Amino acid sequence: MPELPEVETTRRGIEPLVRNKYVERVLVHNASLRWPVPSDLKTTLLSQKVCSVERRSKYLLMNFEQGTLIIHLGMTGHLRVCRSGEERRKHDHVELFFTDRSILRFNDSRRFGAIFWTNADPLQHERLISLGPEPLNGLFNTDYLFRVSRGRKIAVKPFIMDAHVVVGVGNIYASEALFRARIAPGRQAGQVSRKAFALLVQSVQEVLTEAIAAGGTTIRDFMDTEGRPGYFKQELRVYGRAGEPCTACGSTITQTRLGQRSTYYCPKCQR
DNA sequence: ATCGCCTCCTGCGCGC
DNA sequence: TGCGCGCAGGAGGCGA
């Protein structure tokens, strides 16, 4: 469920609440996430201090003094910081208890999320090492996108959702960015012009930046660490708007499936 | 190498 | 009210 803006919203919410806190207890109620939660997590984290919380792609990197806890929220993952005494909820699979009596809880109903530990550079972790560039830094640009797309027959929408190409662009923002760039989502990536990709790069950056500023998008259940929804849903121009008029031309927004994912676009504006 | 399909899991909304 | 179905913001792994 969370795409880059939701993960970044989570990071910003969590970091001030966990930074400089010491772990005094760890409870793993259900270790069967996408990959098993490390069985020695308790001993690893005990008495360690959280130094910072960073993000790479949709991974949260919780840096401790001796290593990094890598957290992926999958489709339904949430992190929240509770006060001592607050009841545990259904699907709270992992809890970190801090010495100040606050508790960091990882909740994930579908359990597509993941938690890893590494003592080394987290960017070298096998799940992160081959990721493409961040969308909001200079490495993601027209030349790069044009170059890596040549010869590719995959549709442009799943292409930009491929984390080897660029990270952080999930199903909502892929549709939104392609609408803004006026590119039909089913076009072969290799057939998209340099000029169109220039607009797409700009559109991806705009939509992600705006979504972060709005605290992410809440479709069904995304909440920030304070329990607030993200407000970007009202800014969505095509996602979830099948049958509604296009905000640009009035044509009917169409829904289709591409790479097993729901895809929304304006058949007139997007070519 | 690339592509498209399947899978993991739970919950919810819909039509009947 | 209940049931079955399809769908959901991710992404690894498979066979072709």
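Here the structure is a predicted model, which is why all the values come from computation and not from measurement. Sequence lines set the chain letters: A, B, ... in the order given, protein chains first and strands last, and positions in each chain run from 1. Side chains are part of it too, since the values below use all heavy atoms of this structure and drop only hydrogens, waters and symmetry mates.
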For A:F64, the ring pair (Phe, Tyr, Trp, His ring centres under 6.0 Å) test, sequence neighbours excluded, returns A:W117

A:Y264: partners by ring pair (Phe, Tyr, Trp, His ring centres under 6.0 Å), with sequence neighbours left out = A:Y239

Tracing side-chain contacts under 4.5 Å among Ile, Leu, Val, Met, Phe, Trp and Tyr outward from A:L258 reaches none

Looking at residues at least two apart in the chain, or sitting in another chain, which of them share a side chain to side chain contact (heavy atoms under 4.5 Å, CB included) with [X]?
X	answer
A:R89	A:R80, A:D92, A:N107
A:S39	none
A:L200	A:L145, A:V156, A:I160, A:A177, A:L178, A:A181, A:I183, A:F197, A:V204
A:P245	none

Pairs involving residues 162-183 of chain A, ordered by first then second residue, that meet side chain to side chain donor-acceptor pair (under 3.5 Å) (sequence neighbours left out) = A:E6-A:Y173, A:K157-A:N171, A:D162-A:H164, A:Y173-A:T217, A:R180-A:E210

When rounded to whole Å, the CG to P distance for the pair A:N171 and C:dA11 reads 11 Å

Name each donor-acceptor pair under 3.5 Å that joins a side chain in residues 120-132 of chain A to protein atoms two or more places apart or in another chain, with its distance.
from, atom 1, to, atom 2, distance (Å)
A:D121, OD1, A:L123, N, 2.9
A:H125, ND1, A:R127, N, 3.0

Pull out every protein N or O sitting under 3.5 Å from an N or O of nucleotides 7-10 of chain B, one pair per line with the distance.
from, atom 1, to, atom 2, distance (Å)
B:dC9, O4', A:R110, O, 3.4
B:dC9, O3', A:R111, NH2, 2.7
B:dC9, O2, A:R110, NE, 2.7
B:dC9, N3, A:R110, NH2, 3.3
B:dT10, OP1, A:R111, NH2, 2.8
B:dT10, O4', A:S109, O, 3.3
B:dT10, O3', A:H91, NE2, 3.1

Any sub-3.5 Å donor-acceptor pair from A:R261's side-chain atoms to A:R257's backbone N or O?
-> no

Of residues 145-163 of chain A, the positions that come close to DNA chain B - non-hydrogen atoms, cut-off under 4.0 Å = A:R152, A:K153, A:I154

Watson-Crick and G-U pairing of DNA chain C, under 3.5 Å, as dot-bracket with | and [ ] = .|||||||.|||||||

